[in-house]
There are 2 protein chains.
Amino acid sequence: MSDNSSVVARLRKLISEGHYPPDERIAELQVAEELGVSRTPVRLAFRTLEQEGLLVRVKSRGFKVRHFTEQDIVCAIEVRSVLEGLAARRLAEQGISPQVLTALEQCLDDGQAVLANGHLNHDDVATWARVNSRFHGLIVRATQSDVIADALARNNHLPFASSDSLLVDSDHLEREYQKLVVAQQHHVLIVQALRGGEGSRAEMLMREHAYINIRYGRLFGLAYPLADVSR
Amino acid sequence: MSDNSSVVARLRKLISEGHYPPDERIAELQVAEELGVSRTPVRLAFRTLEQEGLLVRVKSRGFKVRHFTEQDIVCAIEVRSVLEGLAARRLAEQGISPQVLTALEQCLDDGQAVLANGHLNHDDVATWARVNSRFHGLIVRATQSDVIADALARNNHLPFASSDSLLVDSDHLEREYQKLVVAQQHHVLIVQALRGGEGSRAEMLMREHAYINIRYGRLFGLAYPLADVSR
DNA sequence: GGCGTGTACTTTGGATCCAATAAGAAAATA
DNA sequence: TATTTTCTTATTGGATCCAAAGTACACGCC
């Protein structure tokens, strides 16, 4: 807590929760008082958040909260799509280690276990989120490339760009179950391609996989306050 | 100059020139004195540079200069490759405006003019760099997506990831000329694909185009001090 | 002579102070 | 009454100060 990175994290949260509305200027002093710290850590955090893409610099008068359109969200998912695709291709082509392969297969088993009941409950959703996060993280880290990992991490700071954004719609659990079944199938095929060293296929599958929330039409109606979204 | 962004720019330059050696800790006070400013703007700049990937945070003791391996440089180019590929695909699929098309064709003409002599001189190289930069910038901006543009911009902060890094080898001007001829051909084909709305083809061409410095074997022997590079 | 503890120093993180500047409000003039 | 000019105020950028933490060195003890 003595570290200013917590200020970054707290601000990230507050922004994506809409506490600071999009497109509105955000003052250092006000934030500092609300967080109970001085201006200094806030100023530092602003620079970080700016680079993460959550704040934009206004001509010569501080920062304002970035507003995202539906288009932006789609783009962020597309960016993740090509970057994770790249990671999968690299991993397949450079060869996957037995350790990583074992870990990925464990993810497949764990994922299968979640879906075994034929329906979803709350714990299932949480478990799947963990397994899914582990799966994606494993592939990226296995490429051993900090450059790719960083590019992905930065993109994932944008709200709903991350593969962790499950967007589970508790009103349509049936449909959500179908989505996870498809996701699980994707995972199986991706591991298959990785094991077989099929770079292009791994990339293609991973790219398609990233679109799952778009394909399943659960992209909008988000908690995050989009700028000009009506529906 | 009164803006601290100049500190960021100056530091970026100093780092990529090797004034601060890779993998070595970088102290706020020392930098502040060298730049003739106080610690505050340096501290702010460090946060920006960290997000840009030029500095890495050391456990709880400030920052050190990031070191890049050959592998990292290749990865950065691959990242640019897939991102510019994405931009090209989007642009082709969403349809390219007549204005942008005209501007791109102007780039093609200008590029052709540079190569018309059959050989390169110093001015030619500079001109081509400008035209090339304009060409790539046009395509990215035409997608109207800040998210993609930002992802690219961040990646381009890594040394030699940017398409502006021509890496012209004045000792082998003949080979460099051949490289630019190929690049020009790529540009022509890319515009063709964009005009025809062929998204996949545009993406594929753009991705290949990004690899030109790798294909032409002029990737290493760089000014930037790589960590463990012998050749 | 080696190892451990303690102290001094270096360096970062946070708070406050001061100056520059831009925005906003009020007043004066046309 | 509208417009322009000036003054006040809010807010950022830079500098300095203080506290906390970590490192290194030295001294002492085993």
Side-chain angles (χ1 to χ4, degrees), chain A residues 1-15 18-67 146 150 153-154 157 227, chain B residues 1-15 18-67 150 153-154 157:
Chain A
M1 183 172 289
S2 59
D3 196 329
N4 104 306
S5 63
S6 76
V7 172
V8 174
R10 281 200 283 170
L11 262 176
R12 224 185 265 138
K13 192 159 182 290
L14 285 172
I15 291 173
H19 183 263
Y20 297 107
D23 236 358
E24 212 164 85
R25 271 196 49 212
I26 183 168
E28 293 173 358
L29 192 60
Q30 183 197 346
V31 173
E33 281 171 359
E34 287 188 20
L35 297 189
V37 294
S38 84
R39 273 180 59 215
T40 306
V42 175
R43 288 174 70 183
L44 294 172
F46 276 15
R47 298 314 192 286
T48 299
L49 271 334
E50 179 198 17
Q51 291 300 112
E52 286 184 2
L54 289 177
L55 298 181
V56 293
R57 208 178 271 264
V58 48
K59 35 206 168 223
S60 70
R61 209 68 192 153
F63 296 90
K64 66 174 184 175
V65 178
R66 171 121 171 235
H67 78 266
D146 289 342
D150 286 357
R154 283 189 303 242
H157 280 133
Chain B
M1 184 173 289
S2 60
D3 196 326
N4 105 307
S5 64
S6 76
V7 172
V8 174
R10 280 200 284 169
L11 263 176
R12 223 185 265 138
K13 191 159 181 291
L14 285 172
I15 290 173
H19 183 262
Y20 297 106
D23 236 0
E24 211 163 87
R25 270 195 50 210
I26 183 168
E28 292 173 359
L29 192 60
Q30 183 197 346
V31 173
E33 283 170 358
E34 287 188 19
L35 297 189
V37 294
S38 84
R39 274 180 58 216
T40 307
V42 176
R43 287 174 72 182
L44 295 172
F46 276 15
R47 298 315 193 285
T48 300
L49 272 333
E50 179 198 18
Q51 290 301 110
E52 287 183 2
L54 289 176
L55 299 181
V56 293
R57 209 177 271 263
V58 49
K59 40 210 168 211
S60 70
R61 208 68 190 153
F63 297 89
K64 65 173 185 177
V65 178
R66 172 127 171 229
H67 78 267
D150 286 357
R154 283 189 304 241
H157 280 133

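Protein chains get the first letters and strands the later ones, always in sequence-line order, with residue 1 at the start of each. Values reported hereafter were calculated over all heavy atoms of this structure, with side chains retained and with hydrogens, waters and symmetry mates removed. If you're wondering where the values come from, they're calculated on a predicted model, not measured in any experiment.
Applying the 3.5 Å distance criterion, the base of D:dT11 shares no donor-acceptor pair with the side chain of A:Arg39. Side-chain N/O atoms of A:Arg61 and base N/O atoms of D:dT12 include no donor-acceptor pair closer than 3.5 Å.
A side-chain donor from one of A:Tyr20 and A:Glu34 sits under 3.5 Å from a side-chain acceptor of the other.
One atom, CD1 of A:Ile26, and another, C1' of D:dT12, lie 14 Å apart when rounded to the nearest Å. Regarding B:Phe46, its CZ atom lies at a distance of 14 Å from the C1' atom of C:dG13, rounded to whole Å. As a whole-Å value, the separation of B:Lys64 NZ from C:dT11 P is 18 Å. The CZ-P distance, from B:Arg43 to C:dG13, rounds to 6 Å in whole Å. A straight line from CG of A:Leu29 to C1' of D:dT9 spans 13 Å, rounded to a whole angstrom. Rounded to whole Å, the distance from CG on B:Leu44 to C1' on D:dG14 is 9 Å. For the pair A:Lys59 NZ and C:dA23 C1', the computed distance is 11 Å after rounding to whole Å. Look at CZ on A:Phe63: it is 16 Å from P on D:dT11, rounded to the nearest Å.
Closest to the side chain of A:Arg57, from the set D:dG13, D:dG14, C:dG13, is D:dG13. For A:Thr40, taking side-chain heavy atoms from C-beta onward, the closest of the listed nucleotides C:dG14, D:dG13, D:dT16 is C:dG14.
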**Request:** Evaluate the criterion side-chain contact (heavy atoms from CB on, under 4.5 Å) for residue pair A:Glu50 and A:Arg66; output intermediate values, then yes/no.
**Result:** CA-CA 9 Å; A:Glu50 179 198 17; A:Arg66 171 121 171 235; over 6 Å; no
**Prompt:** Would A:Leu44 and B:Leu44 satisfy side-chain contact (heavy atoms from CB on, under 4.5 Å), going step by step from the backbone distance to the final call?
**Reply:** CA-CA 6 Å; A:Leu44 294 172; B:Leu44 295 172; 3.7 Å; yes
**Asked** Given the rule in the side-chain contact (heavy atoms from CB on, under 4.5 Å) test, do A:Val31 and A:Phe46 qualify, once you have shown the distances and angles that lead to the verdict?
**Response** CA-CA 10 Å; A:Val31 173; A:Phe46 276 15; 4.1 Å; yes
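Taking 4.0 angstrom as the limit, B:Ser38 places none of its side-chain polar atoms (N or O) nearer than this to OP1 or OP2 of D:dG14.
Judged by distance alone, with hydrogens and angles left aside, the side-chain atoms of B:Arg154 form a donor-acceptor pair with the main-chain N or O of A:Gln51 at under 3.5 Å.
Both B:Arg25 and B:Val37 sit near DNA chain D, but only B:Val37 has its closest nucleotide nearer the 5' end.
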